[in-house]
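Worksheet: one structure, shown below.
Hydrogens, waters and symmetry mates are skipped; everything else that's a heavy atom, side chains included, is used. First the proteins, then the strands, lettered A, B, ... as listed; each starts at 1.
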Amino acid sequence: MTLQKYLPSAASLTETELASARDLVSTWLATNNPDLDTRPGSVFDGFFLRQVVQLVAALNRGLELLQADLDMAGVAAGQVTDCDLVQRLLSGLGAEPDADVKQIGYVLLTFSANVAVSIPGGTRFVFGSDVFVPATGTINLQPAGTGAVNRLVRLADNTYAFALQVQGYATTVITQGTTAEIDSTIDGLVGVKAQSDFVQGSVAVTVPQLALLATRTVHHSGFASRGGVIRHIMQQLPDVSGVAVSATGDTDMLRSALTLSGLAATPCMDIRVASKYKAQVSQSVFVPFIADQEGSAVDAFIGVFAPLHVPQRIVSVQAVNSPDVTLLPVWYSSSLDHARAPLLTCAFSRLEQLRVVVPMPRDVTGRGMVELGFDDSSQKSGAWFTVTYEAEPAVDAVQRLLDRDPPIGIDVMARAPTPLLLQSLKTKYSAPAGVLLNSEQLLDDVDGYINGLFGSRAFSVEMMTDFVFSAGAEHVSKIECQGQLRLGLADFVLPYNAPMPEVDYAGAKSARLIVPKLQLTDARLISALTYVDPGIGTDAQTLAAVSPSSVRLLMVNPPVYEHEQ
Amino acid sequence: MTSLQLQFNTDGKWRLVTDKTVTGWAAAAQAALVSVAAERGEYKAVPLFGTELLQNGTAGLLSNLAAARHAANFAAAETLQMINTATPSDQWLQALQLEIDAYAPPRLGLRAFFQDSGGNSNELIFTV
């Protein structure tokens with residue numbers, strides 16, 4: 001701050017300001033010099049006081065401007081004198097301006113060996129002339145198979161990968177599959193390419209906009225309040241399209257209900273995040289084949305699936321060597337930390353461990369239809385499967401943010417939203433004779449609307465109807481909906497102390513609990529989806545819970561529009 | 001109130017006398033004379049400081065003796081009020097009269113009569 005920024009020109013001082021300053025100075029002088037003639041026209045006034053009065057009036061104005069800069073409500077209204085000062089002040093409140101429009105995205109790093117790797121924070125990933133750096137600084141990756149959040153994932157035999165979030169200022173939009181070059185050598189790194197289209201990040205935020213944020217909530221700690229969490233994450237991760245927070249006391253926060261009193265030792269908070277884009281990932285995994293366990297036939301491939309990103313929906317599972325064979329995979333969920341997030345409270349988070357059980361398909365002669373192979377790494381026989389799934393990469397980004405700056409006194413966990421899979425959305429309409437429905441525009445409108453929603457609470461049947469009208473319909477008679485709300489990705493969840501299926505499949509089957517899947521047939525109910533496990537406190541409890549703010553709509557099949565005469 | 005002394009001359013010039021002071025109603029009278037000779041509006045902090053004698057003279061409004069006398073009377077009344085507003089009541093000027101001593105456009109010779117609250121009076125001839 002310099003005084004020069006706050007002092008106005010002498011010509012801009014008003015009569016009122018000058019008269020007020022004169023009163024102030026002459027009164028102040030009279031305190032110690034009662035005999036001094038300060039009257040207008042006096043010698044002291046003519047030679048000295050007039051200039052002092054101007055200076056004091058200017059200082060008064062400057063002080064008012066400084067006070068206005070410290071008043072965030074005034075700054076938010078657009079009155080800023082010293083932007084540098086206000087920016088430093090806002091920075092102390094956690095509101096940081098972005099210097100420019102930045103892009104953010106994920107690069108897929110592939111490695112030839114399963115070893116610990118460190119990626120320095122300043123590593124430059126160059127796409128043509130555009131430079132990106134790791135969004136969260138230096139990342140130390142652990143080998144695949146370890147429980148660390150930042151770990152390699154085995155994609156195929158001798159191929160390991162990690163999806164790294166990067167940010168930078170690009171002249172073009174980086175598209176999926178674009179290869180990048182790096183300016184340093186990382187052991188074992190064999191490939192770097194964009195995993196998905198990069199997202200244009202937040203635009204430059206003006207000082208008044210930042211002040212408005214600061215006046216709405218002080219989120220210096222980032223996790224002090226529900227609104228503070230949302231704004232903190234939206235600011236730190238501009239590619240996030242939505243954030244919902246469930247905290248202790250919410251009906252869908254069951255991590256707090258672990259004690260007899262219903263109060264956990266520390267307050268809990270789940271942060272549900274969604275990205276602005278869908279990421280569909282195909283990942284190969286070697287699954288050991290288990291013919292039997294202690295004399296009991298199993299005849300299935302059973303193994304842990306470590307996804308690259310937190311999955312939202314499994315699209316398909318195919319045997320790599322027999323892609324045409326129909327498989328009937330069964331998914332099991334278990335918590336990696338039963339104390340923090342038991343049963344389905346870990347669903348769609350990094351604390352959830354997924355296992356896939358693929359019964360060996362056999363032909364009429366009893367011959368196995370999936371060819372067995374041997375994996376040098378695990379020293380087991382089994383088969384490679386390609387798992388294709390829709391993923392939510394923002395969960396890892398938020399989890400890394402939490403790990404980097406862990407909130408104190410509160411147990412915060414990042415999760416993907418609970419998916420509502422819309423398998424069918426059929427609209428019956430009529431249109432004037434000769435008018436064709438503009439289906440292309442309609443599908444674009446609906447797709448953009450559904451994908452842009454975060455929280456089913458915002459879903460509106462009337463909005464869907466409006467899209468049909470604007471595409472040329474005259475009357476909409478009915479919207480039929482077939483949806484499934486999945487409280488977990490897996491088919492079954494394994495309670496604490498239940499045997500794992502690769503160890504005791506029969507025991508796991510007897511201990512497993514069915515993950516609730518709620519069928520939905522009325523589109524008007526989408527905005528009011530609420531579920532809390534009715535079996536809480538019993539042996540059958542799954543601790544599944546959801547509220548409308550934490551549901552994300554996923555279109556499985558495109559909507560259908562049926563013309564009625 | 002005490003102020004350094006100003007010496008007003010009939011040729012329209014003045015001089016600061018740094019080794020002499022004026023006090024009481026004399027200091028008030030001195031300030032009043034400065035105001036009479038000052039241009040109204042030049043001192044934004046005190047909007048009523050100064051008179052319109054100078055503006056009127058340069059604008060040709062004091063085209064005859066009657067007009068000059070009228071303007072001088074008006075300036076005297078305004079100045080008296082302005083000075084007393086900024087003066088402790090025990091040092092108020094009881095009266096201020098401005099009479100035309102010499103009418104020689106664009107110059108105007110004025111004879112100023114002051115009287116304090118105790119009945120003491122003084123007079124001074126100066127030129128604006």
- Task: Would you mind checking which part of B/S3 comes under 4.5 Å of any heavy atom in chain A, side chain (CB onward), backbone (N, CA, C, O), both or neither?
- Result: both
- Side-chain heavy atoms of A/R39 within contact of B/Q30, under 4.5 Å: no
- Task: Could you pull out the closest heavy-atom pair between A/A11 and B/K44, with the gap in Å?
- Result: O-NZ, 3.7 Å
- Note on the structure: Those residues of residues 60-83 of chain B that come under 4.5 Å of chain A on a heavy-atom basis, listed by number, are B/M82, B/I83
- Message: Looking only at heavy atoms and a cut-off of under 4.5 Å, which of B/A31, B/G50, B/A32 has the most pairs with chain A?
- Response: B/A31
- Message: Counting only non-hydrogen atoms closer than 4.5 Å, does B/T87 touch chain A with its backbone (N, CA, C, O), its side chain (CB onward), both, or neither?
- Response: both
- Note on the structure: When the 4.5 angstrom heavy-atom criterion is applied to B/A38 and chain A, the contacting part is neither
- Task: Go through the atoms of A/R50 and report whether side chain, backbone, both or neither lie under 4.5 Å from a heavy atom of chain B.
- Result: both
- Is the count of non-hydrogen atoms from other residues, nucleotides or ligands lying under 6.0 Å from B/R40 atom CZ greater than 12? yes
- Task: State whether the number of non-hydrogen atoms from other residues, nucleotides or ligands found under 6.0 Å of B/Y103 atom OH is greater than 12.
- Result: yes
- With chain B, the option among A/D35, A/T14, A/L13, A/N33 that has the most non-hydrogen atom pairs under 4.5 Å is A/D35
- Euclidean distance, A/F47 CZ relative to B/L4 CG, rounded to 0.5 Å: 8.5 Å
- Message: Within the 4.5 Å heavy-atom criterion, are A/D45 and B/Y43 side-chain neighbours or not?
- Response: yes
